[in-house]
Q: 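This structure is in structure tokens; I'll ask about it shortly.
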2 protein chains.
Amino acid sequence: MIDYSILVKSPLFNGISEEECMTLCSKIHYQVRKFEKDAIVVQGGEEVTNLFVVLSGSVRGEMIDYSGKTVKIEDIEAPRPLAAAFLFGKENKFPVTVTANKKSELLAIPVVEFLKLLQLNTRLLRNYLNNISTRAQFLSQKLHFLSFKTIKEKVAHFLLQQAGDRFHSFELKNTQQQLAELFGVTRPSLARVLGEMQSENLIKIEKKTVTLLDKEGLNSLLENG
Amino acid sequence: MIDYSILVKSPLFNGISEEECMTLCSKIHYQVRKFEKDAIVVQGGEEVTNLFVVLSGSVRGEMIDYSGKTVKIEDIEAPRPLAAAFLFGKENKFPVTVTANKKSELLAIPVVEFLKLLQLNTRLLRNYLNNISTRAQFLSQKLHFLSFKTIKEKVAHFLLQQAGDRFHSFELKNTQQQLAELFGVTRPSLARVLGEMQSENLIKIEKKTVTLLDKEGLNSLLENG
DNA sequence: ATCATTTTGTAACAATTGATACATTTTGCC
DNA sequence: GGCAAAATGTATCAATTGTTACAAAATGAT
């Protein structure tokens, strides 16, 4: 029924042997559901009562906006789990409608059964906790970024974070375009701010190398926020 | 040692009886640590190896900025847990330095022991998962909000979300000030936009009652983002 | 009912950012 | 080295939002 060699490659079951995985699954109720191309797996807004793991094929998340148009969000290929972050919590509803890209098989484990699994296997529990925690931490960090009002503040925070306790000089690994997207601003605006910060002798940029000339000054940009 | 009547009031142990709680704790290793006023509980950047629950007194989170100044973040009173969201995940380090506001007692449970607890008691597991999931969902929603560029878009999204499929009229439960903070804008700016949207006959506001006059119009504000 | 406090409406001006366009520099490839 | 493509620097103007200030309205307590 289940191809365990695929399942153990999923982030959730990572580090668990195929045998163990099989034993675990034998102890709970689950379903393997098959979907034809373009079949709807779950409707957005529906309550999340199952953990889904894509066993074969691929599905896509689509958000339906208020006017009825669909906007593609992301593809999920085997063996990734689906909406794992929405199994619990106050608003455990699917944020998106999920549709099969092609003929696909999905493992569906009811929440109560998944809870049993988590209590049976420490590695699985750790995997799941790490998964949603990492996600939360990512969101938290991204939010922290956006909490800075001006582009200057965002840049200052980014540079200080990148530099850390290391040297005052380091290599930029992103283009201005990529940084602009990270900050949620336009590329010329970012360039303008970088220029201003150079003429204020806060930083110096040569090709891809950034030098922090005045860490104190960069700090003070953040404090007065 | 532990005052279980307090512990069961914490969000983590909510719904678990004092007896059960006592039995659970007897099965694991833990410490009750006492801190004098202004003693440092944990240093920011330190790895999170324990789950802390404030049993008595209160502690405060303080962030140390790049120049060394401390900024108070929040107070945590008994019986709330500490940094519960940072127990797992890639970056499981304390984001803040935690200091005792007054003489306080904290329960410290090592991560591995806490994992045991989670596997022993389903209610505790559910509580914890709900706790961090709700947090992640809150962050996710907040992030979604900030992804809208203009205030009008944010307001339109908020109103359509609040209304849902229900009537076109509903009660606002927040003040403009609170909404402004949710959107990350200033209060006068929000008021101005609300005024504009009224004169454009998109919405009508009477005291705390909002009526959506033109859902289509509100939608179109979002699509052109 | 009245008064103090909070909330809301509104206005004028400043500051920041976006949009667009174009020149210049850098990069990668042949 | 030379060329095309990508990345960057820069300028101008428009649009949005913040800032500050004050008056009107609503709320809540005595």
Side-chain angles (χ1 to χ4, degrees), chain A residues 142 145-159 162 169-213 217-218 220-225, chain B residues 142 145-159 162 169-213 217-218 220-225:
Chain A
K142 179 109 187 174
F145 247 122
L146 294 177
S147 76
F148 293 112
K149 284 182 192 128
T150 67
I151 301 181
K152 234 173 205 169
E153 283 169 10
K154 291 177 190 182
V155 172
H157 177 254
F158 175 79
L159 293 178
Q162 289 286 312
S169 244
F170 58 94
E171 295 286 310
L172 267 186
K173 286 173 187 166
N174 313 297
T175 66
Q176 287 190 6
Q177 181 59 54
Q178 291 172 324
L179 288 181
E181 280 166 15
L182 175 64
F183 298 160
V185 301
T186 60
R187 205 267 314 160
S189 292
L190 174 61
R192 169 170 46 201
V193 167
L194 288 176
E196 283 171 14
M197 290 174 86
Q198 286 193 82
S199 54
E200 288 166 12
N201 287 320
L202 290 170
I203 60 176
K204 193 171 66 178
I205 301 182
E206 288 161 313
K207 309 224 174 159
K208 288 287 186 186
T209 304
V210 183
T211 307
L212 307 189
L213 299 176
L218 291 171
S220 65
L221 287 178
L222 299 182
E223 289 165 33
N224 313 329
Chain B
K142 179 109 187 176
F145 253 120
L146 293 177
S147 75
F148 293 113
K149 283 183 194 131
T150 68
I151 301 181
K152 235 173 203 166
E153 284 169 10
K154 293 177 189 182
V155 172
H157 177 256
F158 176 79
L159 293 177
Q162 289 287 310
S169 242
F170 58 93
E171 295 285 310
L172 268 186
K173 286 172 187 166
N174 312 299
T175 67
Q176 286 190 5
Q177 180 58 55
Q178 292 171 324
L179 289 182
E181 279 165 16
L182 175 63
F183 299 160
V185 302
T186 60
R187 207 264 316 157
S189 293
L190 174 61
R192 171 170 45 201
V193 166
L194 288 176
E196 284 171 13
M197 291 174 87
Q198 285 192 83
S199 55
E200 289 166 11
N201 286 319
L202 289 170
I203 60 176
K204 194 172 66 177
I205 302 181
E206 290 161 311
K207 308 216 176 170
K208 288 288 185 184
T209 304
V210 183
T211 307
L212 307 190
L213 300 176
L218 291 172
S220 66
L221 286 177
L222 298 183
E223 288 166 35
N224 314 330

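Labels below follow one simple rule: chain letters A, B, ... track the order of the sequence lines, proteins then strands, and each chain is numbered from 1. Nothing here was measured: the structure is a model prediction, and the numbers come from that model. Hydrogens, waters and symmetry mates are skipped; everything else that's a heavy atom, side chains included, is used.
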Q: Roughly how far, to the nearest 0.5 Å, is CE of A:Met197 from CG of A:Leu218?
A: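 One gets 5.0 Å once the value is rounded to the nearest 0.5 Å.
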Q: Once you round it to whole Å, what is the distance between C1' of C:dT8 and NZ of B:Lys204?
A: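 Taking atom C1' of C:dT8 as the reference, NZ of B:Lys204 is at 18 Å.
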Q: Can you tell me how far apart CG (A:Leu179) and NZ (A:Lys173) are? Round to the nearest 0.5 Å.
A: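 Nearest 0.5 Å value for the CG-NZ distance: 12.5 Å.
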Q: Parallel, tilted or perpendicular for A:Phe158 and A:Phe183, by the 30°/60° rule?
A: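 Because their plane-to-plane angle is over 60°, the rings of A:Phe158 and A:Phe183 count as perpendicular.
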Q: Distance check needed: C:dG18 P versus A:Leu190 CG, whole Å only.
A: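 Value for this atom pair: 10 Å.
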Q: Which parts of nucleotides 7-17 of chain D does protein reach within less than 4.0 Å, heavy atoms only, written one letter per nucleotide 5' to 3' as B for base, S for sugar-phosphate only and - for none?
A: SBBB-B----B
Q: So, do A:Ile203 and A:Leu213 sit near enough that their side-chain heavy atoms are less than 4.5 Å apart?
A: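 Counting from C-beta outward, A:Ile203 and A:Leu213 never come under 4.5 Å.
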Q: Given Watson-Crick or G-U pairs with both distances under 3.5 Å, what dot-bracket string fits DNA chain C, with | for other-strand pairs and [ ] for crossing?
A: ||||||||||||||||||||||||||||||
Q: Between A:Glu181 (CD) and C:dT17 (P), how many Å, whole number?
A: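 It works out to 18 Å between those atoms.
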Q: Could you tell me the separation between the NZ atom of B:Lys154 and the C1' atom of D:dG18, rounded to a whole number of Å?
A: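 Roughly 13 Å, once rounded to whole Å.
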Q: Quick one, B:Lys208 with B:Thr175, criterion side-chain contact (heavy atoms from CB on, under 4.5 Å). Give me CA distance, side-chain angles, the key distance, then yes/no.
A: CA-CA 9 Å; B:Lys208 288 288 185 184; B:Thr175 67; 4.1 Å; yes
Q: Is A:Gln176 reaching over with its side chain to a backbone N or O of A:Leu190, donor-acceptor style, under 3.5 angstrom?
A: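 No, because the side chain of A:Gln176 does not come within donor-acceptor range (under 3.5 Å) of the backbone of A:Leu190.
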Q: To the nearest 0.5 angstrom, please state how far the CG atom of A:Leu194 sits from the CD1 atom of A:Ile151.
A: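 Those atoms lie 9.5 Å apart.
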Q: In chain order, what residues pass the side-chain hydrogen bond (donor to acceptor under 3.5 Å, both in side chains) check against A:Gln177, with sequence neighbours excluded?
A: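 With neighbours one apart ignored, the set is A:Glu181.
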Q: To the nearest Å, give me how far apart CD (B:Glu206) and P (C:dT8) are.
A: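 Checked: the CD to P distance equals 15 Å.
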Q: Round to the nearest Å and state the distance from B:Ile203 atom CD1 to C:dT8 atom P.
A: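 From B:Ile203 CD1 to C:dT8 P: 13 Å.
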